[in-house]
Asker: 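Dropping the structure in here first, questions after.
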Amino acid sequence: MKIASWNVNSLNVRLPHLLEWLKLQQPDIVGLQETKLDDPRFPDDALAAAGYRSVFTGQKTYNGVALVSKEPPGDVVTDIPGFDHEQRRVIAASYGDLRVINLYVVNGKAVGDEKYEFKLRWLEAVHAWIADELARHPKLVVMGDFNIAPDDRDVHDPAIWNADSILTSTAERAALKRLLDLGLHDSFRLHHDDGGVFSWWDYRAAGFRRDLGLRIDLLLVSDALRGKCIGAEIDREPRTWERPSDHTPALITLVS
DNA sequence: ATGGTAGTCTAACTA
């Protein structure tokens, strides 16, 4: 089965891209971030017509996450236990014995900013939640826009994206490592050692044309899924389409 | 060093 993560930066604008990509790739499960839609406006009818079930938790203008899938979801969670917050950034669901958590990690704005401090607190809460989920669901995928580039291979210029920069700072990377230390693996790195493969390019300064990107969209797989993850890719194509999201989909292939 | 773009919404915030 194929599982994907895509920050669509407004599902209202990007629905045609999503529908086209579902047709092309036929993924089984897709986690969306930054839908920027409140729940009554979520296009679940259009996705149902394309053969996909949807669960979602959204808000106007900002944030918003969803899971769309060919199989019906169960046991849906839309808040970090003990960390309820108005910002709609997490959704989890079960598909048989597979558990999927979809995250839109806080951006953080700049190192030292109050939003950065919130990012680190939020990641601590997510850590506790994932530890609990993993104890109950050995077959776990944690996907999303992590807003953290794991290491220097994942940035176009390590001099710019350094230990003091947002998305690459020491504390952010340490928080990601703490998640991985629970028994999760960056699926892309199970299959590729090369640098320069990115999932996000800034709209500004012709970032995509110049390939000034970062790899911040990740799918983490648990120990129990590690051997079943037979492929991990980033599909650059949707980023080449007209009026694209600034992110492009990341995906994995799992065998049962 | 600055500003560059996009989305939501028409002012300013977020990324």
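Protein chains get the first letters and strands the later ones, always in sequence-line order, with residue 1 at the start of each.
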Asker: Once you round it to whole Å, what is the distance between P of B/dT14 and CG of A/D246?
Answerer: 16 Å
Asker: Choosing from B/dC13, B/dG4, B/dA15, which nucleotide comes nearest the side chain of A/A205?
Answerer: B/dG4
Asker: If you check every side-chain atom of A/R204, which of B/dT8, B/dA15, B/dA6 has the closest atom?
Answerer: B/dA15
Asker: Below the 4.0 Å mark, does B/dG7 have OP1 or OP2 next to a side-chain nitrogen or oxygen of A/R14?
Answerer: yes
Asker: What is the distance, to the nearest angstrom, from the CD atom on A/Q33 to the C1' atom on B/dA6?
Answerer: 17 Å
Asker: Any salt bridge linking A/K60 with A/D38? Criterion: basic side-chain nitrogen under 4.0 Å from a carboxylate oxygen.
Answerer: no
Asker: Looking at B/dG7, I'd like to know if its phosphate oxygens (OP1 or OP2) sit under 4.0 Å from a side-chain N or O belonging to A/R243.
Answerer: yes
Asker: Using the side-chain heavy atoms of A/Y62, tell me which of these nucleotides is nearest: B/dC13, B/dT5, B/dT8.
Answerer: B/dC13
Asker: Given atom CD of A/E242 and atom P of B/dA6, what is their separation to the nearest angstrom?
Answerer: 11 Å
Asker: Is it possible for you to say whether A/F83 and A/L103 belong to one hydrophobic cluster, with membership spreading through side-chain heavy-atom contacts below 4.5 Å?
Answerer: yes
Asker: Output the rounded distance in Å from NZ (A/K119) to P (B/dT14).
Answerer: 15 Å
Asker: Please classify the nucleic acid contact of A/K60 as base, sugar-phosphate, or nothing, using heavy-atom distances under 4.0 Å.
Answerer: sugar-phosphate
Asker: Can you name the nearest heavy-atom pair linking A/G144 to A/N102, along with the distance?
Answerer: CA-OD1, 4.0 Å
Asker: Verify the neighbour count for atom CD of A/E20: are there more than 12 heavy atoms of other residues, nucleotides or ligands below 6.0 Å?
Answerer: yes
Asker: Mind checking A/Y104 for me? I need base, sugar-phosphate or nothing, with any heavy atom below 4.0 Å counting as a touch.
Answerer: sugar-phosphate
Asker: Below 4.0 angstrom from OP1 or OP2 of B/dA6, is there any side-chain N or O of A/S10?
Answerer: no
Asker: Return the value, rounded to whole Å, for the distance between atom CG of A/D113 and atom P of B/dC13.
Answerer: 13 Å
Asker: Not counting sequence neighbours, list each pair that qualifies as a side-chain hydrogen bond (donor to acceptor under 3.5 Å, both in side chains) and has a residue in residues 204-218 of chain A.
Answerer: A/D154-A/R215, A/D186-A/R215, A/S199-A/D217, A/W201-A/D211, A/D202-A/R204, A/D211-A/R236, A/D217-A/H247
Asker: Using the closest heavy atom to pick a nucleotide of DNA chain B for each, name whichever of A/K36 or A/N107 lands nearer the 5' end.
Answerer: A/K36
Asker: What distance, rounded to whole Å, do you find between the two C1' atoms, one in B/dT10 and one in B/dA6?
Answerer: 16 Å
Asker: Is it the case that the side chains of A/D235 and A/W21 hold a donor-acceptor pair, with the cut-off being a distance below 3.5 Å and no angle test?
Answerer: yes
Asker: Starting from C1' on B/dT14, measure out to CG on A/D145 and report it in whole angstrom.
Answerer: 13 Å
Asker: Applying a 4.0 Å non-hydrogen cut-off, can you work out what A/R89 is touching in the nucleic acid: base, sugar-phosphate, or nothing?
Answerer: sugar-phosphate
Asker: Has A/K115 got a side-chain N or O lying under 4.0 Å from the OP1 or OP2 atom of B/dT14?
Answerer: yes
Asker: Between B/dG3 and B/dA15, how many Å separate the two C1' atoms, rounded to a whole number?
Answerer: 15 Å
Asker: Using heavy atoms to find the nearest nucleotide of DNA chain B for A/A206 and A/N147 separately, return the residue whose nucleotide is more 5′.
Answerer: A/A206
Asker: Specify the separation, in whole Å, of atom CD of A/Q59 and atom P of B/dC13.
Answerer: 17 Å
Asker: A/F208 CZ to B/dA6 C1': how many Å, rounded?
Answerer: 16 Å
